[in-house]
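Take a look at the structure below.
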Amino acid sequence: MLAKSSFREIKETIGRYIALVLIIALGVGFFSGLKVTDPAMRQAMQQYFKDTSFYDYRLISTLGFEEEDVDYVAENVSARAVEGSISFDVLADYADSSHAIKAISIPTNVNTIVLESGRLPESDDECLADSYLFDESTIGNTIKISSNNEKEDRENFKYSQYTIVGTVKSPLYIQYERGSTTLGSGVLDGYIYINKGGFDVEYYTDIYVKLDSDLEIYSDAYKDLIDEKEDEVQKALDEAADNRYDRIIADAYDELNEAKEEFETSKEDGATELADAKEELDSAKKQLDSAKAQIEEYEAQESQLKSMLDLLLLDPTQQEAAGELSVQLYTLQVGLETAKTEYANGLAEYNEGLAEYEEGLEEYNTKIADAEAEIADAEAEIEDIEEANTYLLMRDSNVGYVCFESDSTIVGAIANVFPVFFFLVAALVFMTTMNRMVEDQRTQIGVLKALGYSNGSIMGKFVFYSGSAAFIGTALGFVAGTIAFPKAIWFAYKMMYNTSEITYFFSPAMLLISFVVAFVCSVGVTFISCRYEMGEMAASLMRPKAPKAGKRIFLEYIPWFWNRLKFLKKVSLRNIFRYKGRLFMMVLGIGGCTALLVAGFGIYDSIADIAVNQFTNISKYDMDITLKDGAKDTVAPLENMGYTVDDYLLYYHTSVDLKAGKHTKNVYLNVYDNDANIDYFYDMHDGSEEHIVFADLKDDEIIVNKGLSDRYGIKVGDKVTISSDSMNATTFKVAAINENFIYNYVYLTTSGYESNIGTLPEKKNVYLNIKEDEDAHSVGAELMNNKSISVVSATIDTLDRVDSMMKSLNIIVYLVIGSAMALAAVVVYNLTNINIAERVREIATVKVLGFYKEETSAYVFRENILLAIMGAAVGLVLGKILHAFVMSEIVVDLITFDVRVTALSYALAFVLTVLFTFIINLLMGKKLDEISMTESLKAVE
């Protein structure tokens, strides 16, 4: 009989029953959905990393690696895979634009790529393109290595252009951020993959190690494994780098010794050739001297013959002898001329040979000197080769990997807070519903007790009612929540993360917790509601409850207010304040829903305009520029473009470790000149919008941004310490807390730096405000063509990136607001339904008294509106507290949220609550029409 009675009760109060089911479904769906989203997202990412063999360690050496170094690491590290990789940043031209991209060798075992479209490269001049930057339509087009690259950057590539044959995803870039670079605007636009043969280098730039384990990402077990293996991997890295260094030195000396041998051989050959030439010249010189002596002898003979001929010609008797002597003289003279000619020719040849010899000797000496200098330089270069600097990086050096942990944690943090309110409201509604149900059935309970039914059996009827509603609601909510919430949130996060699809994540523990919490909120509340009634005697229960003694409400003691009220309004106020239980339940139930709305809208307020506030109201500069060599007072490239010192601000920028109490955090340090015009580029103010005068900062004082203050409890007047590898630990007093939302900064004056730390290094960073009629990207492109500038970051681009990241969090806000609105609607409906059910005879009596339909509705629903207004007002206060708590749980390392709830959000939450009540009143008007006036004639007996 009790079973039939239970089902009949459900059928007769199906609206109220469905409301209870929906309340539990909403609470469980919101709780379980958000709770499984974090592990579901991590499970999806875990599977993606497993499928692509995402690295555990990245090994870097300033000398690079060869194949034998990769083999050495593989032999000395217990790992599933060890693979060398080549990667270089380069400016690449595509279509009509230039992009800064990272070119990477196609992997085979670690960080394997996922082909999205097209095919793999078949030749070394083909490439795979980043699917985020390029789409399928780009296949077949070419990417050219830009002529704007430095020569050494172009020489890293074998070809001047590469043909796109496919698009890919890479586990190295799971987020839309591609990282920074010294090229272009300072930000990588994308990446390409090419065969190793497409590079013109004979070494690897990195070695990636994948351990033989697939432990859950971000888990303590995984972190322990990484810590455990770190020394082993570091040792292998250092030894591989040392081996590489030894080989480089050995190869260099081998080449040098070979060059020395070639030099000595060439030197000896040259010396021999010169000696032979000198010997030939000396021999020729002797022959010339001999010829010259002979000529001189011939000349002496000629002179003698001439003298003798002159004497013979004077003696007529000696004519015959003169004639013979004349023939001799002629013959001698002919020989003399021939000898002179031969001598002259020989002398010319000798002089020419001597000149060639002297030229050869000079050239020989020069070449010997140059070669000896080159050998000396080579020896010096070898001696100057430094041992390799090595860097062992883990996954936490990958931006996407780190950001994903923060983003998934945000979901978990919200899941730890909001569902509690949902369940509290559900418990409140269940308590109200079951109290009303028990009171309505006092007589029936008394009859059942009189018939001999035990308290447990009777209570079982009510437990079944609430328990079955909780069971159905839990089942529906768990299934719907664990399917819908992760998919909806992942859909939003895919704006930032380009990986695999999320799969269904079933958590038995979460299902058990959902059922336990749901039954506590339903069955537990039912037990409390029934306990008092079960303790009464059957006869007492079968008699109606004595009505409450009449008494004044506190408003009646305010004559100037009470006396001005009309009768029906006085009745409504008495009904509200006399029944304190109903008042409490209605106000808290509706207030809880309003609080959820306030918190939901508040989260949106706190994250929606961060980027705009940062880069419009705080960071007022248009560009942040990094110089290659630094400057002192003026920046020549900017001056050449028509800018003056009024348009830009030169400052020093570095990273330091900030220690506050027990906490240590790596932050950025900006040092500005004491008299710098900071306000034109950066608006320093505290959380109360009070302007901070940077020039008033003393040498022993520092300014800290609000995010660090909130996170580590830093207050004005506290002492903090900053230090770095190149800076000794120095303590400063916190002079002010600056509001800043993106990244974490501390600020010093130049005199403060030099007085406490040392000489300020060269200032390489510049804030620039461009002219009103100029385009930021055009100015940036012109600046990047200047060889003295390494990075140009346009504020508008940073704003877009941060804004896109924040928008992905909006889906969570929408889910919170949507769920809160649904809960508010269900709660208001259920409480209104109960209110009408418990006042059926009163409403029927009002109808008998001649109230029109509109007057009857106003009489009943006026109280609901007033209670909704009171509940909403309480909810505004509770919402502020809830929002503050939720925001304290949401921690993103590089972002400080603007924790606030705008007046519009308060107004929306208030109006929506009252609006829901008004809509429910309209819907419930039909139920008032269905109440028969004969109900007023019925007696409880």
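Fair warning: this is a prediction, and the values are worked out from it, not measured in the lab. Positions are given from 1, in the same order as the sequence printed here.
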Original post:
Looking at CZ of Arg711 and CG of Asn744, how far apart are the two atoms once the value is rounded to the nearest 0.5 Å?
Top reply: 6.0 Å
Subject >> Residues forming a salt bridge (Lys or Arg N to Asp or Glu O under 4.0 Å) with Asp125, sequence neighbours excluded >> reply: none
**OP:** Report yes if the side chains of Ser85 and Ile104 come closer than 4.5 Å at any heavy-atom pair, otherwise no.
**Re:** yes
Original post:
Does NZ in Lys196 sit with more than 12 non-hydrogen atoms of other residues, nucleotides or ligands closer than 6.0 Å?
Top reply: yes
Original post:
Is Phe54 close to Ile217 at the side-chain level, that is, under 4.5 Å between some pair of heavy atoms?
Top reply: no
Original post:
Going by atom types alone, do Tyr203 and Arg244 pair a side-chain donor with an acceptor below 3.5 Å?
Top reply: no
Original post:
Are Val77 and Glu232 close enough that some pair of their side-chain heavy atoms sits under 4.5 Å apart?
Top reply: yes
Original post:
Where the side chain of Thr654 meets the backbone of Leu669, is there a donor-acceptor pair that is under 3.5 Å apart?
Top reply: no
Original post:
Quick one: does Tyr55's side chain get under 4.5 Å of Lys210's, heavy atoms only?
Top reply: no
Subject >> Considering all heavy atoms, the nearest Val168-Leu128 contact >> reply: CG1-CD1, 3.8 Å
Original post:
Can you name the residues that form a salt bridge (Lys or Arg N to Asp or Glu O under 4.0 Å) with Lys659, not counting sequence neighbours?
Top reply: none
Original post:
Considering residues at least two apart in sequence or located in another chain, which fulfil the salt bridge (Lys or Arg N to Asp or Glu O under 4.0 Å) criterion with Asp212?
Top reply: Arg80
Subject >> Residues Lys229 and Asp56 bridged, charged N to O under 4.0 Å >> reply: no
**OP:** Answer yes or no: is there a side-chain heavy-atom contact under 4.5 Å between Leu627 and Leu650?
**Re:** yes
Original post:
Under the side-chain hydrogen bond (donor to acceptor under 3.5 Å, both in side chains) test, which residues partner Asp238, sequence neighbours left out?
Top reply: Gln234, Thr390
**OP:** Return the minimal non-hydrogen interatomic distance between Tyr193 and Ser170, and the atom names on each side.
**Re:** OH-OG, 2.8 Å
Subject >> Test item: Asp189 side-chain N/O and Ala100 main-chain N/O as donor-acceptor pair under 3.5 Å >> reply: yes
Original post:
So Tyr652 and Tyr753, would you call those rings parallel, tilted or perpendicular, with 30° and 60° as cut-offs?
Top reply: perpendicular
Subject >> Side-chain H-bond candidate by donor/acceptor type, Asp206 with Tyr391, under 3.5 Å >> reply: no
Original post:
Around Asp254, counting heavy atoms of other residues, nucleotides and ligands shown, do more than 12 lie under 6.0 Å from its CG?
Top reply: yes
Subject >> Closest non-hydrogen atom pair between Thr503 and Ala40, with its separation >> reply: O-CB, 4.4 Å
Original post:
Taking atom CD1 of Ile143 and atom OG1 of Thr138, what is their separation to the nearest 0.5 Å?
Top reply: 7.5 Å
**OP:** Using salt bridge (Lys or Arg N to Asp or Glu O under 4.0 Å) as the criterion, list what pairs up with Lys764, not counting sequence neighbours.
**Re:** none
Original post:
Just wondering, do Phe732 and Leu748 contact through their side chains at under 4.5 Å, heavy atoms?
Top reply: yes
Subject >> Atom of Ser724, atom of Ser655 and distance for their closest heavy-atom approach >> reply: CB-O, 3.9 Å
**OP:** Among Leu172, Leu59, Leu393, find the one that has a side-chain contact (heavy atoms from CB on, under 4.5 Å) with Tyr208.
**Re:** Leu172
Original post:
Does the separation of the ring centres of Tyr94 and Phe134 fall below 6.0 angstrom?
Top reply: yes
Original post:
Within the side chain of Asp124, is there an N or O that forms a donor-acceptor pair under 3.5 Å with the backbone of Asn195?
Top reply: no
**OP:** Check whether any side-chain heavy atom of Arg247 sits under 4.5 Å from a side-chain heavy atom of Asp69, and report yes or no.
**Re:** yes
**OP:** Search all heavy atoms of Tyr651 against all heavy atoms of Val766 and return the closest pair with its distance.
**Re:** CE2-N, 3.8 Å
Original post:
Could you walk me through whether Asn243 and Glu239 pass the side chain to side chain donor-acceptor pair (under 3.5 Å) check?
Top reply: CA-CA 6 Å; Asn243 294 339; Glu239 290 178 352; over 6 Å; no
Subject >> Short N-O contact, Asp227 and Lys223, less than 4.0 angstrom >> reply: no
**OP:** State which residues pass side chain to side chain contact (heavy atoms under 4.5 Å, CB included) with Lys719; sequence neighbours excluded, sorted by chain then number.
**Re:** Thr731, Lys733
Subject >> For Ser78 against Leu211, the heavy-atom pair lying closest together >> reply: O-CD2, 3.8 Å
**OP:** Look up atom CG in Asn756 and atom CD1 in Ile702, then write down how far apart they are to the nearest 0.5 Å.
**Re:** 9.5 Å
Original post:
Got more than 12 heavy atoms from elsewhere within 6.0 Å of CD, Glu152?
Top reply: yes
**OP:** Using only heavy-atom distances, determine whether the side chains of Glu83 and Thr108 contain a donor-acceptor pair under 3.5 Å.
**Re:** yes
Original post:
Do Val90 and Ile101 have side-chain heavy atoms sitting under 4.5 Å apart?
Top reply: yes
Original post:
Mind checking whether Tyr132 and Tyr191 have ring centres under 6.0 Å apart?
Top reply: no
Original post:
Do the ring planes of Tyr747 and Tyr745 sit parallel (below 30°), tilted (30 to 60°) or perpendicular (above 60°)?
Top reply: parallel
**OP:** Please work out whether the ring planes of Phe88 and Phe157 are parallel, tilted or perpendicular, with thresholds of 30° and 60°.
**Re:** perpendicular
